*Asks:* 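Dropping the structure in here first, questions after.
Since this is a predicted model, take the numbers as computed values, not measurements.
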Amino acid sequence: MKFNQYAYVEIDPKKQIEELKNINFLPVNFEKYNFSDLLGTLFKNLLAEAKTPEAKTAKLSEFAINENETLTTFLAQNPQAITKNEFYNVALQLLGYHVIYDYDLNNPIDCLNKHALPYIDKKEFTLNELPEVFYRLLNTRSANGQILIDVMAAKGYFTQFWGKNEFLFFNGKSLPVFDTSKVIREVVYVESDLDTDEDGQPDLLQTTIFRPDESNIIPVPALYTASPYFGGIIANEAKNHNVDENLEDATLSNYPKYVAKPHVFANKPSSDNNQATEEAIHKSSYALNEYLLARGFASVFAGAIGTRGSDGLRITGAPEETESAKAIIEWLHGDRIAYTDRNRTSEVKADWCNHKIGMTGRSYLGTLQIAIATTGVAGLKTVVSEAAISSWYDYYREHGLVVAPEACQGEDLDLLAETCQSNLWDAGNYLKIKDKYEAMQQDLLKKSERNTGQYSDFWDARNYRHRADNIKCSWISVHGLNDWNVKPKNVYKIWQKVKNLPIQHHLFLHQGPHYNMNNLVSIDFTDLMNLWFCHELLNLQNNAYNQWPTVMIQDNLQADLWHQEKDWNNVDGQTSTYFLHQDGELQKAPDTQAKEQKFTDQGGKIFKQAKISEQQWQNEFIAGNERWLDQQLRFTTDEFIHTTTITGRPTIKLSASCSKTTGQLSVALVEIGTRKRLTDTPSFFRDQNQEFGYRFGSQMLQEFTLTKATPAKLITKAHINMQNYADLKKASQIKENTMYDFEFQLQPTYYRIPAGSQLALIIYSTDQAMTKRPLESEEYKIDLTKCSISFQQK
């Protein structure tokens, strides 16, 4: 596995020496040392776990420099140089690699090359080269994925700087010089301009802060995570909506309107400022925040309206939700009032904050970053939005159909509101808002129209992309190409907006489902974010804007390969069009003799009889398991001669009919060929732990690995209500057994098909994992002469 490293900043040798001195690693008068003494001193400085000079000296004997000598015996000979192999033998041991098991003492360079670890390629190193080689070693990723200087930090190296009340930077990144044993953990109550529970008072929003003790002396930036889950969730999967029901006539939609909740006006901040009086009892819930807290970035969490400790009702996706989450940034920036408690008598200010705020978080947490960024709120400098929804319609609906997020069949907007309405846990709140909460639940269910699945003003109000032009902050999007919870269309569509704005922007696409990527082996994402936040929130000039390519995409054939792209769009490559043939082939030339083909959809009948999981159904279905063949049409290409990349959003053209006045069509693009593929989720390396700081939390390293051979892999798919044949946003009547023409796009992708594999297009109706599962059978016919699929190919 390669430890790709993108966050290392090339700097001048004089600057390297200055930074090494600043961290007390390189002696100020190092030029006066002889080679042997300086080499020994620098190796000893790496041994942060040894707390006395005697202990450090003793530990040198634990390292082998070649097959015959330890580091101790080597230094005792008073050498005037060290060979490349000798130095990197010791370096690899310091980086966590083991002689015999991981590498051969006769050839350490093979191990460095195998893992893509950097080295200075000189025959030997003398006194003048030592600062350069040690600087690069300190910035080299170790076996646990962290750079060596972070490994030293976890062993207590930087406790010598605790209490100095200043940031310390190394290679453009902030170091953990803040005393993590004295983190301030406090709660305040921000007053909003909302009254969602209609009690006549502005909703108070509980806000939890974790900040360095040093922030009482020096202002620090804030990383704000808007998390509706922070106060806990109300999980009730048994209440999920029934999906085993027939489709209804979507033309009966009333296209409901969005109706805003009443607004009030919060008090204005005064000059009064008090200490927070409530201690935080919740723990930080985001690993990246913890890592950066040790490096001087305060971590702020708030669930906003409807969550535990806050007033109001949770109105999923609505503008009120955005406003309430935005209010916390306004307080951090000094533009909004907050109180020490719910009595609203004692003000508290974020005077510890330098008024520069970044946002972090995945899923709903990333979604609220998009929502807030589109307000253009002052103080928000950057967002790192992971696996985020950019339109709630694209999360719960697709092309006129109710389409569930993966593993959430029957879940919907109203049930997510219930999940996050954690202030109901407090009985006093329950008594106060019970009736209004139940009325809101009914309103959400009614206006979200699960019976029709149509787009409306209600959903339009929950489409953040409409307000993308308001975005002023820099932007990083992170998304999994196999995320079928928040489907890739969400990141693809907001990216098409963001990339054209006059802001700095980057995109990371990994091979995971609904996952974080900050502890992947194959990329130094945490270091990149350290670099990024130092630039954006501390004004450090560290080349962050140009340090890595605009678009980074993890390969689906080998996890340690990252493609560096300028963009992710629908024009990058050559358009390839494949036509459906009567014999089940998918070819680039049309079949002029093709006829109609048909299949009979059984709804959920066979699926229920099979008593299997939705995931097993999909695996069997795309692989062409016999029990599902009569419910689909399959068209397959010849084997690919060369590895080919599909990128962007494939477009499907179909001509189809159904035997009823309602119908749904699904299409899947699949790679066929039995071979080993990457695991669906990253594997954890339980012996490789990443420490956030000195005795301050940790996380395990993870990465996608090759698994046993499988026959097929889903690339992308899409669904459509047949009543939306003429307009994807408005239903029309259809007649039984009458052909209608459809053109729509599949979810976006970036997928490499290896030589020897085939591409298959599957046309079907019921997607057991996502669509409704009708109770009755229905026959579908496809006119092959009018059907094709097109995509960008590289």
*Asks:* Is the side chain of N542 donor-acceptor paired with the backbone N or O of L531 at a distance under 3.5 Å, no angle test?
*Replies:*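 Checking the backbone N and O of L531 against the side chain of N542, a donor-acceptor pair under 3.5 Å is found.
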*Asks:* Residues two or more places apart in sequence or in another chain: which of them pass side-chain contact (heavy atoms from CB on, under 4.5 Å) with R185?
*Replies:*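 Here the qualifying residues are V183, F210, A280, F696.
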*Asks:* Would you say the ring centroid of H506 lies under 6.0 angstrom from that of W475?
*Replies:*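 They do not qualify: ring centres at least 6.0 Å apart.
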*Asks:* Please find out if less than 6.0 Å separates the ring center of F525 from that of H510.
*Replies:*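 No: the rings miss the under 6.0 Å criterion.
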*Asks:* Side-chain donor-acceptor pair under 3.5 Å between N273 and D351, yes or no?
*Replies:*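 Yes - a donor-acceptor pair under 3.5 Å links their side chains.
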*Asks:* With no hydrogens and no angle check, just 3.5 Å: does a side-chain donor-acceptor pair link N485 and Y395?
*Replies:*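 The criterion, which ignores hydrogens and geometry beyond distance, is satisfied for Y395 and N485.
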*Asks:* Do we see a donor-acceptor contact under 3.5 Å between the side chains of Y694 and W162?
*Replies:*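 Short answer, no.
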*Asks:* Locate the shortest heavy-atom distance separating A143 from F3; write the atom from each residue and the value.
*Replies:*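 For A143 versus F3, the nearest heavy atoms are O-CZ, 3.8 Å.
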*Asks:* Whether the side chain of R462 engages the backbone of T316 through a donor-acceptor N/O pair (distance < 3.5 Å, no angle test) should be reported.
*Replies:*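 Looks like yes, one N/O pair under 3.5 Å.
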*Asks:* How would you list all residue pairs meeting salt bridge (Lys or Arg N to Asp or Glu O under 4.0 Å) that involve residues 284-296, not counting sequence neighbours?
*Replies:*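 Sorted pair list: D150-R295.
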*Asks:* Checking side-chain polar atoms at under 3.5 Å, does N519 have a donor or acceptor matched by the opposite partner on Q702?
*Replies:*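 N519 vs Q702: donor-acceptor pair found between side chains.
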*Asks:* Does one side chain, of N354 or K356, offer a donor that lies under 3.5 Å from an acceptor on the other?
*Replies:*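 Judged by distance alone, the side chains do not pair up.
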*Asks:* Would a line drawn from the ring center of W568 to the ring center of Y492 be shorter than 6.0 Å?
*Replies:*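 Yes, ring centres under 6.0 Å apart.
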*Asks:* For residues T705 and S683, is any side-chain donor paired with an opposing acceptor at under 3.5 Å?
*Replies:*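 Yes, because at least one side-chain N or O of T705 sits under 3.5 Å from a partner of the opposite role on S683.
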*Asks:* Which residue pairs pass the salt bridge (Lys or Arg N to Asp or Glu O under 4.0 Å) test when at least one of the two sits in residues 479-495, sequence neighbours left out?
*Replies:*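 Sorted pair list: D394-K489.
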*Asks:* How close do V348 and N274 get, counting heavy atoms only, and between which atoms?
*Replies:*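 Looks like CG2-O, 3.2 Å.
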*Asks:* Could you tell me which residues satisfy ring pair (Phe, Tyr, Trp, His ring centres under 6.0 Å) with H333, sequence neighbours excluded, listed by chain and number?
*Replies:*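 Checked H333 against ring pair (Phe, Tyr, Trp, His ring centres under 6.0 Å); matches are H355.
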*Asks:* Which atom names give the shortest non-hydrogen contact between P212 and F178, and what distance separates them?
*Replies:*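 Nearest pair, atom of P212 first, then F178: CB-CD2, 3.9 Å.
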*Asks:* How far apart are the closest heavy atoms of V188 and A276, and which atoms are they?
*Replies:*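 Closest pair (atom of V188, atom of A276, distance): CG1-CB, 4.2 Å.
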*Asks:* Can you name the closest pair of heavy atoms from A294 and T180 and give their distance?
*Replies:*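 The answer is CB-CG2, 3.7 Å.
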*Asks:* Determine whether the aromatic ring centres of residues Y339 and Y189 are separated by less than 6.0 angstrom.
*Replies:*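 No, they do not, as the ring centres are separated by 6.0 Å or more.
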*Asks:* Shortest non-hydrogen contact from L415 to G410?
*Replies:*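 L415 and G410 have their closest heavy atoms at CD1-O, 3.6 Å.
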*Asks:* Give a yes or no on whether the backbone of D414 and the side-chain of D412 come within a donor-acceptor separation of less than 3.5 Å.
*Replies:*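 No, the answer is negative, given that no donor and acceptor are paired below the 3.5 Å cut-off.
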*Asks:* Check whether the side chains of Y545 and Q504 place a donor and an acceptor atom closer than 3.5 Å, and report yes or no.
*Replies:*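 No pair is found: no donor N or O on one side chain lies under 3.5 Å from an acceptor on the other.
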*Asks:* So, S477 and W495: side-chain donor and acceptor under 3.5 Å apart, yes or no?
*Replies:*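 Side-chain D/A pair, S477 to W495: absent.
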*Asks:* Sequence neighbours left out, what pairs pass side-chain hydrogen bond (donor to acceptor under 3.5 Å, both in side chains) with at least one residue falling in residues 358-368?
*Replies:*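 Only T225-T360, N289-T360, E321-Y364, R362-N516, S363-H514 qualify under side-chain hydrogen bond (donor to acceptor under 3.5 Å, both in side chains).
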*Asks:* Examine distances only and state if a side-chain atom of R336 and a backbone atom of I329 form a donor-acceptor pair shorter than 3.5 Å.
*Replies:*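 Judged by distance alone, no pair lies under 3.5 Å.
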*Asks:* Any salt bridge (Lys or Arg N to Asp or Glu O under 4.0 Å) pairs touching residues 202-218, not counting sequence neighbours?
*Replies:*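 For residues 202-218: E186-R211.
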*Asks:* Does the side chain of Q690 come under 3.5 Å of the side chain of Q699 through a donor N or O and an acceptor N or O?
*Replies:*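 Judged by distance alone, the side chains do pair up.
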*Asks:* Assign the ring pair F508 / W562 to parallel, tilted or perpendicular, where the plane angle (0 to 90°) is split at 30° and 60°.
*Replies:*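 F508 vs W562 ring planes: perpendicular.
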*Asks:* When the ring planes of F161 and F158 are compared, do they come out parallel, tilted or perpendicular, using 30° and 60° as the limits?
*Replies:*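 Ring orientation of F161 relative to F158: tilted.
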*Asks:* Do you see a donor-acceptor pair shorter than 3.5 Å between the side chains of E703 and Q511?
*Replies:*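 Checked: E703/Q511 side chains show no N/O donor-acceptor pair below 3.5 Å.
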